[in-house]
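Below you'll find the structure, written out as structure tokens, and then a few comments.
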Number of protein chains: 2
Amino acid sequence: MFRPTIRDVARKAGVGIGTVSRVLNNSPKVTPETRQAVLAAIAELGFRPNTIARQLPRRTRLHNIGVVTQPFINYQAFAAQMRGLQLGLYDYDSKRYEMVLYSVRSLAHFDEQLTAIVRTGTVDGLIIIDFDLLDEQKQMLRDAGLPFVGLNHLQDADWPCIGADNHLGGYLAASYLLDLGHTDIAYLGDEFVDTFEFKTSGQRYEGFRRALAERGLPAKDEYVRLGFHDYDVAIELATELLRLPDPPTAIFAMCDMQALACLDAARRLGLRVPEAVSVMGFDDLETSYHVGLTTVRQHFEPAGRLAVQYLLALIDGAPPPPPVLPPPEVIPRQTTRPLAGKGAV
Amino acid sequence: MFRPTIRDVARKAGVGIGTVSRVLNNSPKVTPETRQAVLAAIAELGFRPNTIARQLPRRTRLHNIGVVTQPFINYQAFAAQMRGLQLGLYDYDSKRYEMVLYSVRSLAHFDEQLTAIVRTGTVDGLIIIDFDLLDEQKQMLRDAGLPFVGLNHLQDADWPCIGADNHLGGYLAASYLLDLGHTDIAYLGDEFVDTFEFKTSGQRYEGFRRALAERGLPAKDEYVRLGFHDYDVAIELATELLRLPDPPTAIFAMCDMQALACLDAARRLGLRVPEAVSVMGFDDLETSYHVGLTTVRQHFEPAGRLAVQYLLALIDGAPPPPPVLPPPEVIPRQTTRPLAGKGAV
DNA sequence: ATAAGCTGTGGAAACGTTTCCACGCTCATA
DNA sequence: TATGAGCGTGGAAACGTTTCCACAGCTTAT
């Protein structure tokens with residue numbers, strides 16, 4: 001198929017290629033008549049600028065943003081975040097940005113991908129989901145002039161991070177269970193620094209512990225179970241908890257996937273939820289609604305959307321929006337209930 | 001930051017740029033010693049070929065595949081498909097293909113995106129999820145020499161489509177319910193040709209109807225409820241069915257989302273599942289496991305993976321793998337049960 | 001009348017690769 | 001010794017844009 005180039009357009013419109021380029025890029029220095037003629041030629045030829053050629057000269061906007069992620073730790077959360085990113089891109093539809101997905105398999109692979117992205121220079125900016133950046137990595141991105149925004153971090157780092165306040169979320173969850181009268185509350189989550197060095201679990205646990213401490217309750221070591229982020233592992237940890245001689249009356253799992261595993265474990269042991277044990281998660285996935293899981297909602301979509309807005313502002317050198325999200329909130333459903341009777345023991 | 005180019009590498013290695021290019025592209029026509037020298041220079045400079053410049057000369061592989069999709073019809077299915085695509089790309093890791101996401105909002109937008117993709121020529125091939133192609137569109141892609149593979153279609157069209165056999169799936173679902181003794185079975189699904197002109201619902205219904213017909217049962221019109229693909233709409237349709245003077249004893253919903261809506265509707269009406277009514281879906285989402293929904297599993301991940309394999313074969317002019325997937329299969333869970341008693345009425 | 005400044009325009013150069021042609025070397029063959 | 005084929009190599013040309021410099025034509029100030 002014949003693909004007209006900018007030169008064909010110029011010839012047809014009887015102008016120079018520079019003028020066509022200026023029309024394409026909305027330069028003000030073109031008279032209305034010239035612009036009309038060029039636009040007519042463009043329409044007639046069905047011309048579209050070749051985005052690749054457009055990206056070659058170094059100073060140009062590439063109209064690509066990269067998304068770096070380990071997407072398969074949680075399908076539903078990943079999808080919700082992607083949805084948010086798309087919504088953000090729709091907001092800036094006229095800029096015609098596209099999204100390039102870099103999926104990462106390990107921490108080493110992450111560094112490798114990051115280096116490759118910088119070296120090959122195919123994106124205008126980067127959204128980094130979940131991963132934390134080392135100082136060298138930040139420096140590398142800054143040296144390359146590549147703006148970057150994090151998604152799913154606490155906002156206290158030295159780079160813009162948009163995500164749920166994990167500490168507060170953990171605090172709210174524990175407070176909710178405490179208000180129901182529970183005192184023997186277990187925490188089930190990832191290692192505080194996991195394979196990918198995600199620190200989410202530690203942050204949520206901190207909030208959890210603070211809520212207990214405020215009410216003068218210690219966090220019992222045997223009630224804290226940490227393991228690799230995986231459904232089957234979570235089932236095992238939950239089973240251990242439920243089989244303790246003095247089992248907890250409530251479990252707070254650091255994510256819904258693990259909370260669902262708790263439900264599964266209880267079912268396999270013949271324990272009823274919430275009668276025998278209350279279970280609470282964190283995320284508010286689609287599944288949680290259908291299962292009736294009490295959880296802490298974090299706002300995946302708004303976060304993704306905000307991350308895009310923030311990044312595009314950085315790219316354009318505009319003032320970025322305040323990186324403020326609605327705070328996490330407890331969504332009470334059917335897997336928790338007030339502690340009955342035991343208080344009187 | 002200084003980005004070394006192929007010329008820097010050539011100078012350092014004391015060879016010509018052509019030789020460096022040949023090393024980069026694994027041409028056999030380089031002596032081992034020369035190759036070593038070039039590789040050493042590449043390593044020393046930390047050189048990475050600029051992927052954009054690499055894409056400019058027209059005959060080149062672009063190392064991009066485009067994915068065109070309406071991603072938000074079903075989050076979980078979308079995520080599973082993406083996962084499959086990523087797995088497929090991992091299989092061909094050495095080729096370093098990347099994925100560019102084109103998300104589509106409407107049928108008109110689909111055509112627009114397709115035209116833009118062809119005109120700007122930024123991808124080597126296209127995976128088209130769910131959407132059907134018009135003859136003109138197929139022709140346009142063929143004229144442009146752009147290979148394309150469909151994901152989620154029946155395999156009888158005149159282009160390679162990888163997806164569940166919807167007809168068979170519908171047939172299996174109905175057969176399963178019939179084997180349980182049900183005869184009053186409702187079908188709940190999308191319009192047979194919906195907003196996006198997806199024909200999935202019609203295909204699944206055809207299989208469903210054939211199973212009934214084989215046992216000499218007519219499909220009662222009042223038991224067929226079609227509507228826009230949306231949770232709330234599905235709840236309404238399900239409520240209508242359950243409120244019929246002579247309600248069905250089983251409902252087959254054309255997707256799990258709608259089946260979950262049936263469960264929700266039954267709950268709101270105070271009806272127990274499966275005691276009052278059996279409910280069966282199609283997809284086997286994550287949620288379905290947790291909810292215990294009987295369903296027909298379609299193999300999203302293998303499908304995505306196969307689609308990538310197929311497309312990369314087309315791009316390379318190699319013989320594509322047979323586009324054969326494991327057939328859909330019924331996954332019995334807790335939302336269906338044998339019809340008890342009613343047969344004796 | 002001349003100089004200076006401004007505006008719109010044309011087109012060469014640059015971006016970093018791949019491709020392709022030409023060249024020189026080696027080795028087999030006549 | 002002369003010829004031809006084959007192989008590895010060098011580097012110019014090409015890809016389609018943007019950028020930037022130069023210039024023509026005007027207006028305004030001197």
Side-chain angles (χ1 to χ4, degrees), chain A residues 1-38 41-42 45-64 96 116 118-122 124 145, chain B residues 1-39 41-42 45-64 96 116 118-122 124 144-145:
Chain A
M1 188 176 133
F2 168 68
R3 289 213 192 106
T5 74
I6 201 173
R7 252 168 269 272
D8 299 313
V9 174
R11 194 163 343 111
K12 178 137 222 150
V15 301
I17 56 167
T19 303
V20 177
S21 179
R22 277 183 286 269
V23 170
L24 289 175
N25 295 285
N26 291 314
S27 157
K29 309 191 132 194
V30 185
T31 52
E33 307 86 71
T34 315
R35 164 164 278 123
Q36 273 316 310
V38 172
I42 287 175
L45 292 171
F47 167 82
R48 297 254 187 168
N50 177 314
T51 53
I52 290 173
R54 199 165 221 193
Q55 296 172 15
L56 233 203
R58 228 198 300 87
R59 287 186 203 71
T60 320
R61 282 287 93 82
L62 306 172
H63 294 274
N64 275 330
R96 297 203 159 270
V118 169
R119 290 250 176 84
T120 57
T122 45
D124 293 318
Chain B
M1 187 176 133
F2 168 67
R3 289 213 192 106
T5 74
I6 201 173
R7 250 167 271 271
D8 299 312
V9 175
R11 193 162 345 111
K12 178 137 223 151
V15 301
I17 56 167
T19 302
V20 177
S21 178
R22 277 183 287 270
V23 170
L24 289 174
N25 295 286
N26 290 315
S27 158
K29 311 191 131 196
V30 184
T31 52
E33 307 86 71
T34 314
R35 164 165 280 122
Q36 273 316 310
V38 172
L39 289 176
I42 286 175
L45 292 171
F47 167 81
R48 297 258 186 166
N50 177 313
T51 53
I52 290 172
R54 197 165 222 194
Q55 296 172 15
L56 232 203
R58 227 200 299 88
R59 286 188 203 73
T60 320
R61 284 288 92 83
L62 307 171
H63 294 273
N64 275 330
R96 296 202 160 271
V118 169
R119 291 251 175 86
T120 57
T122 45
D124 293 318

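These figures come from a predicted structure and were not determined experimentally. Order of the sequence lines sets the chain letters (A, B, ...), proteins ahead of strands, with each chain counted from 1.
Sequence order on DNA chain C of the closest nucleotides to Gly18(A) and Pro28(A) puts Pro28(A) first from the 5' end. Comparing Ala53(B) and Lys29(B) by the nucleotide of DNA chain D that holds the closest heavy atom to each, the one mapping nearer the 5' end is Lys29(B). Nearest-nucleotide positions on DNA chain C for Ile17(A) and Val20(B) put Ile17(A) closer to the 5' end.
Ile6(A) has its CD1 atom 18 Å from the P atom of dC15(C), to the nearest Å. Distance CG (Leu24(A)) to P (dG16(D)): 15 Å, rounded to an integer number of Å. Whole-Å rounding puts the Arg48(A) CZ to dG16(D) C1' distance at 17 Å. As a whole-Å value, the separation of Asp8(A) CG from dC15(D) C1' is 14 Å. Taking atom CG of Asn25(B) as the reference point, atom P of dC20(C) lies 13 Å away to the nearest angstrom.
For the OP1/OP2 pair of dT9(C) and a distance below 4.0 Å, the side-chain nitrogens and oxygens of Thr34(A) include at least one atom meeting the criterion. For the OP1/OP2 pair of dG10(D) and a distance below 4.0 Å, the side-chain nitrogens and oxygens of Thr19(B) include at least one atom meeting the criterion.
Side chains of Arg54(B) and Asn25(B) form a contact here, defined as non-hydrogen atoms less than 4.5 Å apart. Thr5(B) places none of its side-chain heavy atoms less than 4.5 Å from the side chain of Asn50(B). Side-chain contact check for Leu24(A) versus Ile6(A): some heavy-atom pair is nearer than 4.5 Å. Looking at Arg22(B) and Thr19(B), their side chains come closer than 4.5 Å, going by heavy atoms from C-beta outward.
Comparing dG10(C), dT18(C), dT9(D) by their closest approach to the side chain of Val30(B) singles out dT9(D). Considering only side-chain atoms of Phe47(B), the nucleotide from dT18(D), dT17(C), dG10(D) that sits closest is dT17(C). Checked against dG10(C), dT17(D), dG16(C), the side chain of Arg54(A) finds its nearest nucleotide in dT17(D). In this structure, of dT17(D), dG10(C), dT17(C), it is dT17(C) that holds the atom nearest to the side chain of Arg7(B). Each of dG16(C), dG10(D), dT18(D) was ranked by its minimum atom distance to the side chain of Arg22(B); first place goes to dG10(D).
Counting any heavy atom pair closer than 4.0 Å across all strands shown, Ser21(B) reaches a base atom.
Separating the CZ atom in Arg35(A) from the CD1 atom in Ile42(A) is a distance of 10.0 Å, to the nearest 0.5 Å.
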